[in-house]
Amino acid sequence: MERIPILRMGETLLVTIQVDMQDQTALALQEDLAERIAKTGASGVMIDISALEIVDSFVGRMLASISGIARILSATTVVVGMQPAVAITLVELGLSLEGVKTALDVERGMALLRRTREESSFVS
């Protein structure tokens, strides 16, 4: 089974999905990310899906699930690079990805995570 690499950039874990996500790969990613967030104390997770041309309902639910798990572990998830066809498909499937923040690209995603960190430091 293929594993998706998880890179650490400061307080952020970066996941770049370069392969079509099979169900087992998505489940392994969910587990791996939860473990890495807990181990590193990362406050942000960025998932780059720009290479994906198709996202089915299972993968869509997994992205929402990963975001929920990260939130419970005090990390914010941002999905970046979503292609228009993928966004249309998710809406047609009725998946709003509730709780998942999105940005057009990695640069905007990092800025969103930075703003989120700054806002949460004011609340703390």
Sequence neighbours left out, cut at 3.5 Å: what donor-acceptor pairs do the side chains of residues 100-108 make with other protein atoms?
from	atom 1	to	atom 2	distance (Å)
D105	OD1	E107	N	3.3
D105	OD1	R108	N	2.8

Just distance, no hydrogens or angles: give the donor-acceptor pairs under 3.5 Å from side chains in residues 41-66, sequence neighbours left out.
from	atom 1	to	atom 2	distance (Å)
S43	OG	E11	OE1	3.1
S43	OG	R117	NE	2.6
D48	OD1	S50	N	2.9
D48	OD1	S50	OG	2.8
D56	OD1	F58	N	3.2
D56	OD1	V59	N	2.8
S57	OG	R61	NH1	3.4
S65	OG	Q30	OE1	3.1

Show me, pair by pair, the donor-acceptor contacts under 3.5 angstrom made by side chains of residues 88-95, not counting sequence neighbours?
from	atom 1	to	atom 2	distance (Å)
T89	OG1	A85	O	2.8

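Cluster annotation: V78 and V15 are assigned to distinct hydrophobic clusters (Ile/Leu/Val/Met/Phe/Trp/Tyr, side-chain heavy-atom contacts under 4.5 Å, transitive). When hydrophobic clusters are built by joining Ile, Leu, Val, Met, Phe, Trp and Tyr residues whose side-chain heavy atoms come closer than 4.5 Å, directly or via intermediates, V79 is grouped together with I6. Criterion: ILVMFWY side-chain heavy atoms under 4.5 Å apart, direct or through other members. Under it, L97 and L113 are not part of a common hydrophobic cluster.
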Pair I37-I69, side chain to side chain contact (heavy atoms under 4.5 Å, CB included): steps then yes or no
CA-CA 10 Å; I37 293 167; I69 291 166; 5.7 Å; no

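Under the side-chain contact (heavy atoms from CB on, under 4.5 Å) criterion, R115 pairs with A111, L112, not counting sequence neighbours. A87 is linked by a side-chain contact (heavy atoms from CB on, under 4.5 Å) to M82, counting only residues two or more places apart in sequence or in another chain.
Of all non-hydrogen atoms in A70 and T77, the two that sit nearest each other are CB-OG1, 3.3 Å. Annotation for V80 and G109: closest pair CG1-CA, 3.9 Å, computed over non-hydrogen atoms.
Distance check, rounded to the nearest 0.5 Å: OG1 of T12 to CG of L7 gives 11.5 Å.
I4 is listed as a side-chain neighbour of V19, based on a closest heavy-atom distance under 4.5 Å.
Checking side-chain atoms of R71 against main-chain N and O of L73 turns up no donor-acceptor pair under 3.5 Å.
Sorted by first and then second residue, the pairs that involve residues 23-43 and meet salt bridge (Lys or Arg N to Asp or Glu O under 4.0 Å), not counting sequence neighbours, are R3-D32.
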